[in-house]
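Here the structure is a predicted model, which means the values were calculated and not measured.
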Amino acid sequence: MFALEIILYILAGAAAVAMSIRDFRERIIPDVFLFPFMLIGLILVGVLDGLPWILGGISESIIAGTIGYGLGTIINFAFIKFYKKSKKSEFDPIGMGDIKLLAAGGIWLGVTGLSIALISACILGGIWGLRKRQKFIPFAPFFFMGGIITIVLSAIVY
């Protein structure tokens with residue numbers, strides 16, 4: 001079982017890197033990488049019981065994934081409803097790939113971990129955006145950095 005876990009973590013890491021590169025270059029998070037990433041998270045949590053220091057189990061992962069998806073949907077809806085109507089902006093602040101990535105983050109990190117990763121991603125992405133004077137900030141690379149920060153902090157605490 002240990003070898004299978006290592007292989008799954010390597011595949012998940014490769015998917016995370018691929019999603020980050022595509023989001024950074026093309027402003028898209030492809031489902032071809034995102035859905036296997038979600039599935040690997042569910043397998044590690046539900047079947048192999050990986051990441052025990054972060055996750056409370058499959059039920060918390062599903063709840064956290066739902067919260068992540070709902071949060072992204074609410075942000076997108078609020079932006080379209082209030083900001084885009086008044087400013088005539090040509091872009092959305094958060095795309096469906098970002099929303100699905102929040103759901104995947106919930107599956108992998110649980111409710112608390114999702115919160116830490118999201119706050120870390122916003123801080124890191126905001127700093128990068130200010131330094132580079134960017135209007136578009138790719139979400140995936142900074143969210144994965146936030147996820148790594150969450151895992152490291154969780155390993156230290158537990």
Side-chain angles (χ1 to χ4, degrees), residues 9 12-42 44-45 50-51 53-56 59-158:
Y9 282 121
V17 168
M19 286 186 277
S20 296
I21 290 170
R22 289 286 296 272
D23 192 25
F24 194 80
R25 290 183 181 167
E26 302 172 27
R27 299 176 61 172
I28 190 167
I29 301 173
D31 289 345
V32 71
F33 301 120
L34 188 56
F35 288 137
F37 184 76
M38 280 185 193
L39 183 61
I40 290 169
L42 285 172
L44 288 170
V45 172
L51 295 176
W53 58 86
I54 297 173
L55 303 168
S59 61
E60 182 186 354
S61 292
I62 292 171
I63 290 168
T66 304
I67 289 171
Y69 188 85
L71 180 64
T73 304
I74 289 168
I75 292 168
N76 200 31
F77 174 78
F79 178 82
I80 291 170
K81 182 80 172 157
F82 300 108
Y83 182 79
K84 198 170 184 175
K85 193 180 285 186
S86 65
K87 301 288 184 182
K88 304 293 187 225
S89 177
E90 71 279 357
F91 67 93
D92 290 335
I94 188 165
M96 282 307 296
D98 298 328
I99 293 170
K100 290 181 272 188
L101 183 59
L102 283 171
I107 290 169
W108 274 86
L109 302 171
V111 176
T112 305
L114 177 63
S115 302
I116 295 168
L118 188 56
I119 291 167
S120 300
C122 290
I123 291 169
L124 293 170
I127 291 169
W128 181 83
L130 289 172
R131 288 187 54 97
K132 297 290 186 177
R133 300 180 194 261
Q134 295 286 319
K135 289 184 180 179
F136 166 73
I137 300 171
F139 182 64
F142 298 107
F143 186 70
F144 286 121
M145 286 182 218
I148 291 169
I149 289 169
T150 302
I151 291 170
V152 170
L153 288 175
S154 297
I156 292 170
V157 170
Y158 292 103

Any chance you could lay out the side-chain contact (heavy atoms from CB on, under 4.5 Å) test for Tyr69 and Met96, step after step, and finish with the verdict?
CA-CA 9 Å; Tyr69 188 85; Met96 282 307 296; 3.3 Å; yes

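Applying the salt bridge (charged side-chain N to carboxylate O under 4.0 Å, His left out) definition to pairs two or more places apart or across chains, none involves residues 109-126. Listed by first and then second residue, the salt bridge (charged side-chain N to carboxylate O under 4.0 Å, His left out) pairs that reach into residues 30-41 are Asp31-Lys100, sequence neighbours excluded. Sequence neighbours left out, the pairs with a member in residues 13-22 that pass side-chain hydrogen bond (donor to acceptor under 3.5 Å, both in side chains) are Arg22-Glu26.
Met38 and Ile107 make their closest contact through O-CG2, 4.0 Å (heavy atoms, listed as atom of the first residue, atom of the second, distance). Contact between Ile29 and Ala140 at its shortest, heavy atoms only, is CD1-CB, 3.9 Å. The minimum heavy-atom distance linking Ala117 with Leu109 is given by the pair CB-CD1, 3.6 Å.
Annotation for Phe77: atom CZ does not count as buried by contact number, only 12 or fewer foreign heavy atoms lying within 6.0 Å.
Residues forming a side-chain contact (heavy atoms from CB on, under 4.5 Å) with Ile116 (at least two apart in sequence, or on another chain): Thr112, Ser120, Thr150, Leu153. Phe144 meets the ring pair (Phe, Tyr, Trp, His ring centres under 6.0 Å) test with Phe37; sequence neighbours excluded. Residues meeting the ring pair (Phe, Tyr, Trp, His ring centres under 6.0 Å) test with Phe24, sequence neighbours left out: Trp128.
Rounding to the nearest 0.5 Å gives a distance of 9.5 Å between CZ of Phe143 and SG of Cys122. In this structure, CD1 on Ile74 lies 10.5 Å from CD1 on Ile67, to the nearest 0.5 angstrom.
Residues Leu71 and Leu118 are in side-chain contact: their nearest non-hydrogen atoms beyond the backbone lie under 4.5 Å apart.
For the side-chain contact (heavy atoms from CB on, under 4.5 Å) test with Asp23, the passing option among Asp98, Leu101, Ile28 is Asp98; the others fail. The residue from Leu42, Leu44, Val45 that alone fulfils the side-chain contact (heavy atoms from CB on, under 4.5 Å) condition with Trp108 is Leu44.
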